[in-house]
Amino acid sequence: MEKPHIAVVPSAGFTHLVPILEFSKRLLHLHPEFHITCFIPSVGSIPPSSKAYLQTLPPTITSIFLSPVTFDHLPDATTLALQIELSVNLSLPQIRQELESLCSRAKVVALVVDVFASGAMDLGKEHNLLSYMYLPQSAMLLSLYFYSSKLDEILFSKSRDPKEPIKIPGSVPIPRTDLPLPFQHLPSAGYKGFLERAKRFDVADGIFMNTFLELESEAIRTLQEEDKAKPKVYPVGPIIQMGSSGQENGVTCLTWLDKQEPKSVLYVSFGSGGTLSQDQLNELAFGLELSGQKFLWVVRAPSSVVSSAYLSAETNDPLKFLPHGFLERTKKQGFVVPDWAPQIEVLGHSSTGGFISHCGWNSVLESVVKGVPVIAWPLFAEQSLNAVMLTDDVKVALRPKVNETGLVERQEIARVVRGLMEDNQGMEIRKRMEQLKIEAANAIKEDGSSTKTLSEVATSLRGI
Ligand SMILES: O=c1ccn([C@@H]2O[C@H](COP(=O)(O)OP(=O)(O)O[C@H]3O[C@H](CO)[C@@H](O)[C@H](O)[C@H]3O)[C@@H](O)[C@H]2O)c(=O)[nH]1
């Protein structure tokens, strides 16, 4: 008998393509009775990291490449999130055509769309398909989305003390400055976009989240139990990329790691597109040097916070931006990789003992799965929220202080690096992360919480 199909719509950019496809792979691994067809949008050319990844997909996932869109007439102030959403919206006519064609030749039972591709959910409704949203992020963020209209009133209320932390249902108190980036500029296009996106969740028949009960028990319980009018939520994580995420310089950095002592190396990376200012890059270089700890640093050319490499294949030689003499002085202490390292292999290497991370959710889950404690250094998007959770709730991270000009100074960097890698405080954090690693592995075992949750959905789809 013909396999039931699930249509999947990611959004453009490595970190919104890979998570939903890894989710698709996991679904097929547990339930091989389905076939998945994925409609892939892109902006200009597809970045090499995404291209390499797409070549590794199993034959049970069919990729259909949509014509690339261009952003010739966008206002400069448009945020990355809005650009990603726009790229999918511009592709909607094509997605409609492809979905129609798929429905005419196969039994399609459901549509799953990335959080930034929510415009496509209406197409699922047009074809009477169950339509799910895939949030490649935390339950805490979903809780914020659900709470955002109430929070909007609070934020604009004149009687409220702006210094008072925000209490999102199911989460630890959050300083206002740690709310996601759109909340730092009120009102703004980014903030309006956040509120609009929040409404789109209500259209879904269910929401998958890449998290697990043992990591976010309170937030997940609140989402599942408190607001029955909202769609059902399914924690199905941690789902991280399987296989290598590296390019050619990966081999050399793994060889370097092979020669280091167990858990002695601090890995430093700011995700797929995070960059620092030139001043901050200098402070980080001097701070690492000052800490005396071994490090493996993925260096990016400085620019305004998010590099254009996030959505396209543009590059710039980053090593020329390091302070004069740094590479020579630290050649025995550290290893510097331009632009990209095979992060999952690095985190899983026995020499890696800590991670300076911008707290993108994939990096958070990868550090949890590999049991590597974190120095939380959020840059943009919802990363501060993730940093608060890691530091104040699960307590598997340290967070450096930022000075009044927004800079993390070299002495502060050296202090937290030593704190994580050497001190007693670091030892407690390392122990907690080891425990969380075990819980993460349990969640995706055959009888684990996330496996059972996914099977519940698969069983209901089989019955259609
Ligand atoms: O040198 C590198 C750098 C990154 N990665 C991989 O790239 C991914 C990066 O993902 P993430 O840590 O989530 O960071 P971003 O790319 O910045 O992610 C965007 O998307 C995430 C998921 O929606 C959000 O949580 C972030 O805030 C947002 O910036 C991870 O799988 C890493 O393993 C590498 O393999 N090598």
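Order of appearance sets the numbers: ligands from 1, and atoms from 1 within every ligand. Residues: numbered from 1 along the sequence shown. Since this is a predicted model, take the numbers as computed values, not measurements.
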Could you verify whether a donor N or O on one side chain and an acceptor N or O on the other, from E289 and Q333, lie under 3.5 Å apart? no

For N386, the option from S138, P180, S357 that meets side chain to side chain contact (heavy atoms under 4.5 Å, CB included): S138

Hey, which atoms in ligand 1 end up nearer than 4.0 Å to a heavy atom of H16? 20 (O), 23 (O)

With a 3.5 Å cut-off and no angle check, do the side chains of N282 and Q278 form a donor-acceptor pair? yes

Below 4.0 Å from any atom of ligand 1, is there a heavy atom belonging to F380? yes

Do the side chains of L284 and W297 get nearer than 4.5 Å, heavy atoms only? yes

Is ligand 1 under 4.0 Å from a heavy atom in the side chain of Q241, in the backbone, in both, or in neither? neither

Applying a 4.0 Å heavy-atom criterion (strictly less than), which segment of P19 is in contact with ligand 1: side chain, backbone, both, or neither? neither

Do F208 and Y132 make the cut of ring centroids closer than 6.0 angstrom? yes

Give yes if a backbone or side-chain nitrogen or oxygen of N362 is under 3.5 Å from a nitrogen or oxygen of ligand 1, and no if not. yes

Taking only heavy atoms of S269, which atoms of ligand 1 are found under 4.0 Å from at least one of them? 3 (C)

Does even one non-hydrogen atom of A341 get within less than 4.0 Å of ligand 1? yes

E382 to ligand 1: N or O pair under 3.5 Å? yes

Which of the ligand 1 atoms, numbered from 1, are nearer than 4.0 Å to a heavy atom of H358: 11 (P), 12 (O), 14 (O), 15 (P), 17 (O)

Side chain, backbone, both or neither: Q137 near ligand 1, heavy atoms under 4.0 Å: side chain

Please state which part of F14 comes within less than 4.0 Å of ligand 1, counting heavy atoms only: side chain, backbone, both or neither. side chain

Say whether E366, considering both its backbone and side-chain N or O atoms, lies within less than 3.5 Å of an N or O atom on ligand 1. yes

Polar side chain donor-acceptor pair, Y53 to Q241, under 3.5 angstrom: no

Side chains of residues 367-378: which donor-acceptor partners sit under 3.5 Å, not counting sequence neighbours?
residue: S367; atom: OG; partner: S363; partner atom: O; Å: 3.2
residue: S367; atom: OG; partner: V364; partner atom: O; Å: 2.8

Would you mind listing which atoms of ligand 1 come within a distance below 4.0 Å of any non-hydrogen atom of P136? 23 (O)

Using a 4.0 Å heavy-atom cut-off, say whether A381 meets ligand 1 through its side chain, its backbone, both or neither. side chain

Near G271, which atoms of ligand 1 are under 4.0 Å from a heavy atom of that residue? 3 (C), 4 (C), 14 (O)

Partner of L54 by side chain to side chain contact (heavy atoms under 4.5 Å, CB included), out of I61, V18, L17: L17

Pair listing, side-chain hydrogen bond (donor to acceptor under 3.5 Å, both in side chains) test, anchored in residues 171-190, at least two apart: D178-R399

